[in-house]
Colleague: 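My structure is below; once you've seen it, I'll send some questions.
So that the names make sense, note that chain A is the first sequence line, chain B the second, and so on, each numbered from 1. Because the structure is a prediction, the values reported are computed rather than measured.
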Amino acid sequence: MQIELNGAPHQLAAGCTTLAQLIAALDLAGKAVAVAVNREVVPSQRWDTHTLAERDRVDVVRAIGGG
Amino acid sequence: MSIGNTISNTTAPAADAGLTIAGKTYRSRLLVGSGKYKDLDETRAATVASGAEIITVAIRRVNIGQDPNAPSLLDAVPPSEFTILPNTAGCYNAEDAIYTLQLARELLGGHKLVKLEVLGDEKSLFPNMPETLKAAERLVKDGFDVMVYCSDDPIQARMLEDLGVAAVMPLASLIGSGMGILNPWNLSLIIERAKVPVLVDAGVGTASDAAIAMELGCDGVLMNSAIAGAREPVRMARAMKLAVEAGREAFLAGRMPRRFMAHPSSPMAGRVA
């Protein structure tokens with residue numbers, strides 16, 4: 001299944017269907033990140049149950065230095 | 001009355017009550033950004049030297065594929081030690097700013113104190129006030145405590161206040177310009193009428209700028225480039241801490257009036273001349 005991840009096309013590995021699985025596959029489990037799907041924030045408690053769909057636009061963000 | 005009585009009747013000045021924003025009181029009236037430092041060590045050292053309790057951060061997409069174990073900003077300036085203030089730097093419309101802060105709120109575990117900035121122009125980074133007002137209204141309704149980067153237009157500031165924002169933050173001059181306070185008169189107009197904290201945000205270049213802002217009666221100052229862009233950022237952070245304190249004390253002390261004619265400080269009587 002192909003989604004858009006942080007603005008770029010991303011092919012999900014077979015068996016990677018939930019947000020939690022995607023975050024784990026990106027090595028970001030337990031890191032300070034927030035996630036939105038199609039511009040709607042998905043709280044981390046729902047990552048396990050949130051199933052991704054074809055062409056979903058996913059944003060994974062963190063805090064960086066800024067004024 | 002003897003001299004002894006006069007001296008013992010002197011009372012110590014009341015301590016500054018602190019800066020209260022959205023119901024929480026902070027000792028430091030200096031807020032700092034976390035951008036433009038050479039590395040995270042310098043970011044932390046300057047922030048600690050400044051005495052700031054509130055530090056702004058930007059929200060950006062993670063670099064997919066980058067080492068996830070590399071130290072991150074929130075490791076250097078953790079939320080357990082500082083109040084992290086997410087900003088909407090780089091947003092040019094209300095939708096993007098609101099989306100950014102929704103992500104930030106989730107990132108920071110429900111923390112709702114945020115900084116709103118909606119830019120109108122890439123060169124000047126001047127705020128787009130209609131979009132800023134639109135975003136502020138929606139964010140306040142969504143339960144955020146919004147500190148708003150704005151123009152130094154006193155009517156815009158009042159309109160923001162009427163929307164229920166937590167603080168108004170007029171620019172002293174352009175972001176990153178270091179030009180200092182270009183229009184103290186507008187700033188005074190805003191301060192005079194405001195019922196929410198007024199913080200100068202943008203344009204501070206050196207310590208005297210921060211002191212002048214506080215002398216005008218600002219409740220606080222937010223700066224980033226002035227510290228990070230100094231030759232010695234940690235030293236400048238210390239200078240800024242002192243400047244904000246000095247300016248605040250001078251404001252509370254009530255300055256002498258400006259006068260066109262000279263008034264001698266020494267009495268005329270008893271001169272040998």
Colleague: Ignoring hydrogens and angles, state whether a donor on the side chain of Thr206(B) or Asp209(B) is under 3.5 Å from an acceptor on the partner side chain.
Modeller: no

Colleague: With a 4.5 angstrom heavy-atom cut-off, could you sort out which part of Lys115(B) is near chain A: side chain, backbone, both or neither?
Modeller: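 Contact with chain A: side chain only.
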
Colleague: Under the criterion salt bridge (Lys or Arg N to Asp or Glu O under 4.0 Å), I'd like the reasoning laid out for Arg44(B) against Asp39(B): C-alpha separation, chi angles, the key distance, then a yes or no.
Modeller: CA-CA 9 Å; Arg44(B) 181 179 171 80; Asp39(B) 55 38; over 6 Å; no

Colleague: Check Gly65(A) against Leu73(B) and note the closest heavy-atom contact, atom names and distance.
Modeller: N-CD2, 3.5 Å

Colleague: What part of Leu28(A) is in contact with chain B, defined as an atom under 4.5 angstrom from a non-hydrogen atom: side chain, backbone, both or neither?
Modeller: side chain

Colleague: Under 3.5 Å, is there a donor-acceptor pair linking the side chains of Tyr149(B) and Asn87(B)?
Modeller: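 Their side chains do not contain a donor-acceptor pair, so the 3.5 Å distance test is not met.
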
Colleague: If you count heavy-atom pairs under 4.5 Å with chain A, which of Ala58(B), Gly35(B), Gly33(B) comes out on top?
Modeller: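 Of the options given, most contacts go to Ala58(B).
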
Colleague: Taking side chain as everything from C-beta outward and backbone as N, CA, C, O, which of these in Leu103(B) sits under 4.5 Å from a heavy atom of chain A? Side chain, backbone, both or neither.
Modeller: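 The answer is both parts of Leu103(B).
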
Colleague: Between Gly176(B) and Ser225(B), what is the shortest heavy-atom contact and its length?
Modeller: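 That would be CA-OG, 3.5 Å.
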
Colleague: Can you check salt bridge (Lys or Arg N to Asp or Glu O under 4.0 Å) on Asp142(B) and Arg105(B), steps first, answer last?
Modeller: CA-CA 11 Å; Asp142(B) 196 10; Arg105(B) 180 169 54 184; 3.1 Å; yes

Colleague: Working to the nearest 0.5 angstrom, can you tell me the gap between Met1(A) CE and Leu12(A) CG?
Modeller: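 Atom-to-atom, Met1(A):CE and Leu12(A):CG are 5.0 Å apart.
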
Colleague: Of the listed residues (Asp201(B), Asn224(B), Val62(B)), which shares the most heavy-atom pairs with chain A below a 4.5 Å separation?
Modeller: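 Between Asp201(B), Asn224(B), Val62(B), the count favours Val62(B).
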
Colleague: Please identify, among Asn6(A), Val41(A), Val35(A), the residue contributing the most non-hydrogen atom pairs under 4.5 Å to chain B.
Modeller: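 So the answer, after comparing Asn6(A), Val41(A), Val35(A), is Asn6(A).
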
Colleague: Check whether Ile59(B) gets within reach of chain A through its side chain, its backbone, both or neither, counting any heavy atom under 4.5 Å.
Modeller: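 Looking at Ile59(B), backbone and side chain both touch chain A.
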
Colleague: Heavy-atom cut-off 4.5 Å, strictly under: side chain, backbone, both or neither for Glu95(B) against chain A?
Modeller: both

Colleague: Pick whichever of Glu106(B), Met223(B), Glu117(B) has the most heavy-atom pairs under 4.5 Å with chain A.
Modeller: Glu106(B)

